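Notes follow once the structure below has been shown.
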Amino acid sequence: MKITVAATEADFDHAAASRIVDRICANPRAVIGLSTGRTTGNIHREVAAMHARTDFDISALTLFGLDEVTGVDREYAGACYKMLLTEIVAPLGIKENQFIMLPTRSADFEAACTTFTDELDRRGGIDLLMLGLGENGHLGFNQPGTPFGTGAWKTVMDPVLEARIRRETNTPEGEELGGVTLGIRDIMRARRIVLVAKGANKRDIVKQMLEAPVSEDIPATILRLHPDCEFLLDSESAAAIDIEKLRAL
Ligand code: GLP
């Protein structure tokens, strides 16, 4: 298994950002998928800072989001579109057609998911997917129990996250909130994956992801079966694992 442990938070952010920048430099037409959340914000800002310093070619790059909140405007601060726009897309200054997202609202999410994955294929498929890790092992909005064979789909949202978004957006009870996400099958089709996890709150799930049997009960365990997946951790999230033993696997 390829496991990298960064000593400090700055090292972690820089290492993750370098994975993205290296990919863009190797393939200027790269299609790169990003995850939102507490783990990835500074990584995205670091990519923009690296670009400001070195001006690598981003004219043909595609960035996209792994998942999206549904039932809110995409301009809502907690929508993945808005987060990625603020953290990386606007600072890089890439063109509108270089940033593609699943919709927050749609009359037909099934069709929207197909359109989205077809568009990724049309652009050459996913070169690199940066994945965050849910505390229960979820990937994107694929919660425990999601069949590994699932393609992009409209999901039910984690109740804690749903309650928070409802509060923040004053969404009335009758209005449905949810998530839409690439499925585990789409994730596994990415040519390269980097799973990023940091913080003591991820310690238990990092251990399970790397040591528990591969199972739909912990979606992230499937990443061990991917031919090119790196697990990039900080020292806090890696504190419970036997790194040398796992690296030998
Ligand atoms: C949410 C997002 C995921 C993200 C995960 C981890 O569920 N939908 O894309 O990877 O949370 O978030 P955090 O880094 O804030 O722990």
Side-chain angles (χ1 to χ4, degrees), residues 6 9 12-13 15-17 19-20 32-47 63-72 74 76-89 100-104 109 113 116 126 128-146 150 152-166 168-169 177-184 186-188 190 193-209 218-223 229-234 236-238:
E9 193 164 356
F12 174 85
D13 294 335
R19 303 299 185 269
I20 297 173
I32 297 181
L34 303 171
S35 301
T36 50
R38 294 155 297 180
T39 312
T40 51
N42 285 341
I43 297 171
H44 300 154
R45 286 183 271 272
E46 175 67 5
V47 171
L63 294 179
F64 71 94
L66 166 73
D67 55 8
E68 184 54 285
V69 177
T70 66
V72 297
R74 68 178 192 170
Y76 157 62
C80 300
Y81 169 85
K82 181 68 176 179
M83 290 172 81
L84 292 177
L85 186 72
T86 310
E87 293 166 2
I88 186 166
V89 171
I100 59 174
M101 292 294 291
L102 286 156
T104 59
F109 274 104
C113 285
F116 186 74
I126 306 170
L128 171 65
L129 187 53
M130 303 293 293
L131 288 177
L133 175 65
E135 282 176 36
N136 61 0
H138 72 239
L139 297 175
F141 277 121
N142 298 287
Q143 296 294 341
T146 306
T150 309
W153 67 302
K154 171 89 163 55
T155 70
V156 179
M157 193 185 277
D158 168 61
V160 178
L161 181 59
E162 174 167 359
R164 197 188 83 204
I165 295 175
R166 268 190 200 286
E168 288 175 3
T169 55
L177 283 179
V180 62
T181 184
L182 286 191
I184 300 292
D186 308 305
I187 290 172
M188 290 299 280
I193 294 174
V194 178
L195 181 290
V196 285
K198 76 171 176 188
N201 61 323
K202 298 287 169 75
R203 194 173 288 169
D204 290 345
I205 194 62
V206 162
K207 187 173 173 62
Q208 290 185 58
M209 169 178 69
I218 308 174
T221 54
I222 198 167
L223 298 176
C229 179
E230 176 184 6
F231 298 91
L232 175 54
L233 313 170
D234 75 338
E236 290 283 337
S237 70

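Each ligand, and each atom within it, is numbered from 1 in the order the structure gives. The figures that follow rest on heavy atoms only: side chains count, while hydrogens, waters and symmetry mates do not. This structure is a prediction, so every number in the text was calculated from the model and none was measured. The chain is numbered in sequence order, starting from 1.
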Open item on the list: Less than 4.5 Å apart, side chain to side chain, heavy atoms only: is that true for Val72 and Ile165?
Closed with: yes

Open item on the list: When you compare the side chains of Glu135 and Asn201, does any donor N or O come within less than 3.5 Å of an acceptor on the partner?
Closed with: yes

Task: Glu46 CD to Thr40 OG1 distance, which is reported to the nearest 0.5 Å - done: 13.5 Å

- [ ] Using a strict cut-off of 4.0 Å, indicate which atoms of ligand 1 neighbour a heavy atom of Gly140.
- [x] 7 (O), 8 (N)

Open item on the list: Suppose I only count heavy atoms of Thr39 and a 4.0 Å limit; which atoms of ligand 1 are within that range?
Closed with: 13 (P), 14 (O), 16 (O)

- [ ] Would you confirm whether Lys202, through its side chain, and Leu133, through its main-chain N or O, come within 3.5 Å as a donor-acceptor pair?
- [x] yes

Open item on the list: Suppose I only count heavy atoms of Gly132 and a 4.0 Å limit; which atoms of ligand 1 are within that range?
Closed with: 10 (O)

Open item on the list: What protein heavy atom lies closest to atom 4 (C) of ligand 1? Include the residue and the distance to one decimal.
Closed with: Thr36 O, 3.3 Å

Open item on the list: Could you check whether any heavy atom of Leu133 sits closer than 4.0 Å to an atom of ligand 1, since that is the contact criterion I want to use?
Closed with: yes

Open item on the list: What I'd like to find out is whether the side chain of Tyr76 reaches to under 4.5 Å of the side chain of Lys82, using heavy atoms alone.
Closed with: no

- [ ] Identify the heavy atoms of Asp158 and Gln143 that sit nearest to each other, and give their distance.
- [x] CB-NE2, 3.8 Å

Task: Straight-line distance of Asp13 CG to Arg45 CZ, nearest 0.5 Å - done: 9.0 Å

Open item on the list: With nothing but distance in play, are any N or O atoms of His138 less than 3.5 Å from an N or O of ligand 1?
Closed with: yes

Open item on the list: Heavy-atom contact check, 4.0 Å cutoff: does Lys202 meet ligand 1?
Closed with: yes

TODO: Name the closest protein heavy atom to atom 8 (N) of ligand 1, giving the residue it belongs to and the distance to 0.1 Å.
DONE: Asp67 OD2, 2.7 Å

- [ ] Heavy-atom contacts with Gly37 under 4.0 Å: which atoms of ligand 1 show up? List them by number with element.
- [x] 14 (O), 15 (O)

